Structures are given as C-alpha cells and as structure tokens.
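Worksheet: one structure, shown below.
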Protein chains: 2
Amino acid sequence: MTAAAAVEVAVSTVIFALRRSPADDRMTVWLPLVRRIREPFDGRWALPGGPLGPNEDLAESAARTLAETTLLTPQYLEQLYAFGNTDRSPGERVVSIVYWALVRSDEADVAVETENVRWFEADSVPELAFDHNVIVDYALWRLRNKLEYSHIASAFLGDTFTLSELREVHEAVLQKPLDPANFRRQVESSGQVVPTEQLRTGGRHRPARLYRYNTAAPDTTSGPLGARPLPGRTQG
Amino acid sequence: MTAAAAVEVAVSTVIFALRRSPADDRMTVWLPLVRRIREPFDGRWALPGGPLGPNEDLAESAARTLAETTLLTPQYLEQLYAFGNTDRSPGERVVSIVYWALVRSDEADVAVETENVRWFEADSVPELAFDHNVIVDYALWRLRNKLEYSHIASAFLGDTFTLSELREVHEAVLQKPLDPANFRRQVESSGQVVPTEQLRTGGRHRPARLYRYNTAAPDTTSGPLGARPLPGRTQG
DNA sequence: CCAAAAGTGTTGAATTTACACCCATGA
DNA sequence: TCATGGGTGTAAATTCAACACTTTTGG
C-alpha cells in the first residue's frame, strides 16, 4: 500500500512506418525516436512516451504521445508488453506499459523531424536509453510474427490498395521476396480483403485492381479482448 | 509528474492446473480464486494478487502471490497483459499487470483450500470482482492458443511423462479428442520432447515409454525476450 | 485367451510451392 | 512493337487426417 506509491507508471510506444531507404530504393521499416533532455541517459535516443495521465486509459496515453511526437494518427495500436524490472531505470522505479503502432507510409513521409525527433531504420537503431533496444527488438519480432497470421499489413496503406502494394509491405517487413501468384491466392482466400470496382492505372502495364480491408471479417487475433480499440471508439 | 503518483500498480496471476471433474472423471482446467475482504467488491471472488513491491520484479511479484495463495511453485509463468482502464476499479486508479501460470496437476491436487481460497473449474467461474472475468477469459484463450504452437503442456506434468499423459493434457485444455497416432507423430517430430530409457508399467496393457521435455530445443515462442525467466534464474 | 492401450503403417485429401504462361497497358 | 507488372493455370512436393493393423502387457 504505502510502498506502491513509489512505483511510477509510464507509457511508451514503438511506432512503425515503411519508408524507402535513401541508399537503395527498397522499402524498409522505420521508427521515430526522441532525444532525452535530462538524466538518466541524457542525450540518448529513446522511445516516445511519458507518464500515464490520471484520467487516460493506457491506449489513450499511447496515442497521445504518438500524436505529440509524429502528428500522426495510428492505423493500428496494440499493447506490446509491460516492462518493470527493478533495475531498468537508475535511481527510480518505473513500470513502462509499451504499445506498438502502425502508421500509414504516405503520412509518415511528411512526418516532422526536429533536433529531438528523428526517424531511424528499424534494423540499425543506435544504442538507446534504458532497456529500449530490447523493446524495439521485441516489437519488431511481434510485427513480423503477427504479419503472418493477421492482416495488419493494410494499416501501412491507404483505404484501398493493390495486391502488389500489399505484397510490397509484406516483403519489406519480412525482408524476403514473395511469389506474387501465391501471395495473391493466400490473401484472396483469407477473406480479410475484398476487391473493389476500381482499378489503379498509371504504371506502364496492365492496371491493377484495388482492394479494401474487409471490416466484416472476424478478428481472431486478439481473443476475448477483441480488436484492440483505437482511442475514440469504445469497447469492453 | 505530479499526477503519476496517483496511479497504483498491482500484479495479479491467473493460475491454471488440471484436475479431474468430480461429476464425470474427465480432466478439466481449474484455477484458484481468493475472496475479497474489503471494498470495492467485498465478498466477491477475485484473482490472487496485490500491490507491486518496490524491490521486486513483476514476475517475482506474480510468483510470490502465487506461492502465498497456493503454496505452489509455477512450472511456467508468463505475462498476460496490463489492464489499466480508468474505470476498472471504482474510486481508485489501478494498473494491473497480469501474469498466467501453470502448476503441476499432482501438486495442485493437494493445494490448500480455505474459507477465502477456492479452486473453480475454468469454464464455470462465478461473477468476479473488477474486470477479472475478462481477464480469465483472455488467459484461457491464450492458454489454448499457445498450447498449439509451443510445448507448455509438459508444465502440467512431472519431469517425465508418457505421450498418453501429454495427450490427455491437450485434450483437457482444448476440450476435444485427439488422434493418438497423429498426436504422437506431431510431438515426436517437434523435437520438444525426447524419449528416455524408462517405461511406465502398471496399466493392464503394453507399457508406455516415458519422455522428457527437451531443454536443448530452441524456444521460438517469446522472441527476443527469450523464455520467460522464472524467479530464481536470471536473464536479460 | 481377451481387453486395452502402445505404437506403426498406409492411403487419400488438402495445402504449399515453384514456375509456366497469358493479359492489358504505356511508351 | 516491346517491356512490365497483373493475373491465371497447373503439377510436384509436402503436410494433414482418418483409420487399419500389429505389439505387449495384466488379468
């Protein structure tokens, strides 16, 4: 009782977006980090986050810091893990509830960068404050894992997208090429996306059909907790 | 900063064991609950747990309350989820880090029951305090899910076990019969268990070979966090 | 011998994988 | 017309599911 007040609660978020690598032109996974401006780890890069407000839910807090650092709204937001080892922050006891989020690539392209906010390629982040390197690695593992049995990939894209675009997302995240023909069949038979009437023209080749995420499809990836509610909607 | 102190941190644990149902003789999933002895929800059953100690890690806290309520040591302990909605506890703001644990069936058989600690069958728990019914449902979903792609089932058994015993665990958790021949092949090809030299005699039928959990097999179920360290061992 | 569970074999179905091939567009 | 990605077809390989059958014990 008396002792519990000594524990502080913070919420941090690993924010993923896809961007083209400046070197080659390949799509890769990126995430924004913020520079710490006080001890401990003054000057080090760290995950965006902050103390949990007394009147905000955990996911709300994650979405708030996400908006504050990137000016973006997440397409997908899910709790990752609670980190609370006694030794993870020198001189204080902090339990961090960490979320991970996906934002649309086209929005991320125009995201602000300042002296204290910078985007990094996910597989070459510097040495971070606290245990944040472990957290980033775990979030990346979860992203790659979940991509294969759910349909979060569309969260990186707009409302409609071609199957090539969707495949490009998978290839970027999983870092391996996928057979276009088999990918198409897998996705179509999953029922998670539905074709629209529109085509996307413009490339110097046959136009591609646009698909849309199927909101009516059942979500079996979160069990009784249901689809992780994005702040704004409501769900038990 | 100032506001963060208003949030209390608690750790609760969903403890699973297998027991034979008193009605029929079938194995089913059980869990211990404790009766609340103060408001809010005075008199209601709830998950065992309590405030996080200032000098204990999250998993340590879960194992401690587990030992306090059941006098048992968990064979498996993993973080489930952090629940922190503002409205989940009337009049106070509590973030609960919830763990789930598996204990051996033979130990659970001799577990104490008191006026304020009782074991319930998992699919017929009463109306619980707080949001604990949701938590139990989610933990059950996770248990059933994880059983199919990891080898936590052996945590319900002793050091050595027959494949029939292991299959009985699966059947109890998944609530459906499994083909003995196919189950055997699946388990053997997974590499997660290895045969010993011993046989188990006693039934009036052919003796069954005893198997042991293969500690050398790689654990791919937790990603970069590694196998969830049980209190006592150490791991980053 | 018989009953019962341990353990092996086999077959057809379903799924995955690799890759050949046609289609429709811009240049 | 050619190059390029969109989209379909198909056959081999692999995995999965159902079930027949043999083995070894206790009674």
Side-chain angles (χ1 to χ4, degrees), chain A residues 18 20 24-27 105 144-145 147-151 153-154 157-158 160-172 174-212 220, chain B residues 20 24-27 144-145 147-151 153-154 157-158 160-172 174-212 220:
Chain A
L18 298 185
R20 299 204 175 274
D24 44 15
D25 203 41
R26 289 173 44 250
M27 279 275 219
S105 303
R144 293 187 171 125
N145 225 39
L147 191 73
E148 308 206 75
Y149 64 90
S150 87
H151 281 272
S154 55
L157 301 169
T160 59
F161 44 84
T162 68
L163 292 188
S164 284
E165 290 167 344
L166 191 63
R167 178 167 50 83
E168 192 180 19
V169 170
H170 279 252
E171 289 177 339
L174 299 178
Q175 298 177 306
K176 68 179 177 189
L178 298 173
D179 184 294
N182 295 333
F183 180 80
R184 163 181 301 276
R185 273 183 289 252
Q186 275 175 18
V187 170
E188 281 183 331
S189 70
S190 75
Q192 296 281 11
V193 300
V194 290
T196 69
E197 295 303 310
Q198 293 118 32
L199 303 177
R200 169 159 300 166
T201 58
R204 54 196 221 194
H205 51 73
R206 177 174 170 178
R209 181 167 300 279
L210 288 169
Y211 286 74
R212 178 188 306 282
T220 58
Chain B
R20 300 204 174 274
D24 43 14
D25 203 41
R26 288 173 46 249
M27 279 276 220
R144 293 188 171 125
N145 225 38
L147 191 74
E148 307 205 77
Y149 65 89
S150 87
H151 281 272
S154 54
L157 301 169
T160 59
F161 44 85
T162 68
L163 292 188
S164 284
E165 289 166 345
L166 192 63
R167 177 165 51 84
E168 192 180 19
V169 170
H170 280 251
E171 289 176 338
L174 301 178
Q175 297 177 306
K176 68 180 179 190
L178 298 173
D179 184 294
N182 295 333
F183 180 81
R184 163 182 302 275
R185 273 182 290 252
Q186 277 176 17
V187 170
E188 280 184 331
S189 69
S190 76
Q192 296 281 11
V193 301
V194 289
T196 70
E197 294 304 311
Q198 293 118 32
L199 303 178
R200 170 159 299 165
T201 58
R204 54 196 221 196
H205 50 75
R206 178 172 169 177
R209 182 167 301 279
L210 287 170
Y211 286 74
R212 178 188 306 283
T220 58

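No experiment lies behind these values; they were computed from the predicted model shown.
- Atom CG of A/L210 sits about 5.0 Å away from atom CZ of A/R200, to the nearest 0.5 Å.
- A heavy-atom distance below 4.5 Å is found between the side chains of B/V193 and B/F161.
- Between A/T201 and C/dG26 there is no side-chain N or O to OP1 or OP2 distance below 4.0 Å.
- If you take CZ of B/R200 and P of C/dG7, they are 12 Å apart, rounded to a whole angstrom.
- Atom CD in B/E168 sits about 15 Å away from atom C1' in C/dA6, given to the nearest Å.
- The aromatic rings of B/H151 and B/H170 sit tilted relative to each other, their planes meeting at an angle between 30° and 60°.
- When rounded to the nearest whole Å, the span between CG of A/L178 and P of C/dC19 equals 15 Å.
- Within a 6.0 Å sphere centred on CZ of A/R20, heavy atoms belonging to other residues, nucleotides or ligands number more than 12.
- The interatomic distance linking A/L199 (CG) with C/dC23 (C1') rounds to 13 Å, in whole Å.
- Distance from the side chain of B/H205 is smallest for C/dA4 among the nucleotides D/dG9, C/dA4, D/dC19.
- When distances are taken from the side chain of B/P207 to each of D/dG5, D/dT25, D/dC19, the shortest belongs to D/dT25.
- Interface remark: the B/R206 side chain does form a donor-acceptor pair with the D/dT23 base, using a distance-only criterion of under 3.5 Å.
- Atom C1' of nucleotide C/dT8 and atom CD of B/E188 are separated by 10 Å, given to the nearest angstrom.
- Nucleotides of DNA chain C nearest to A/R185 and A/R204 differ in position, and the one nearer the 5' end is that of A/R185.
- Between the side chain of A/R167 and the base of D/dG6, no donor-acceptor pair of N or O atoms lies under 3.5 Å.
- For the pair B/R184 and C/dG7, the criterion of a side-chain N or O lying under 4.0 Å from OP1 or OP2 is met.
- Remark: C1' of D/dG6 and CG of A/L163 are 10 Å apart, rounded to the nearest angstrom.
- Note that OG of A/S164 is 7.5 Å distant from NE2 of A/H205, once rounded to the nearest 0.5 Å.
- Per the geometry, CD belonging to B/Q186 stands 16 Å off C1' belonging to C/dG7, to the nearest Å.
- Residue B/D179 contributes atom CG, which lies 12 Å from atom C1' of C/dG7 at whole-angstrom precision.
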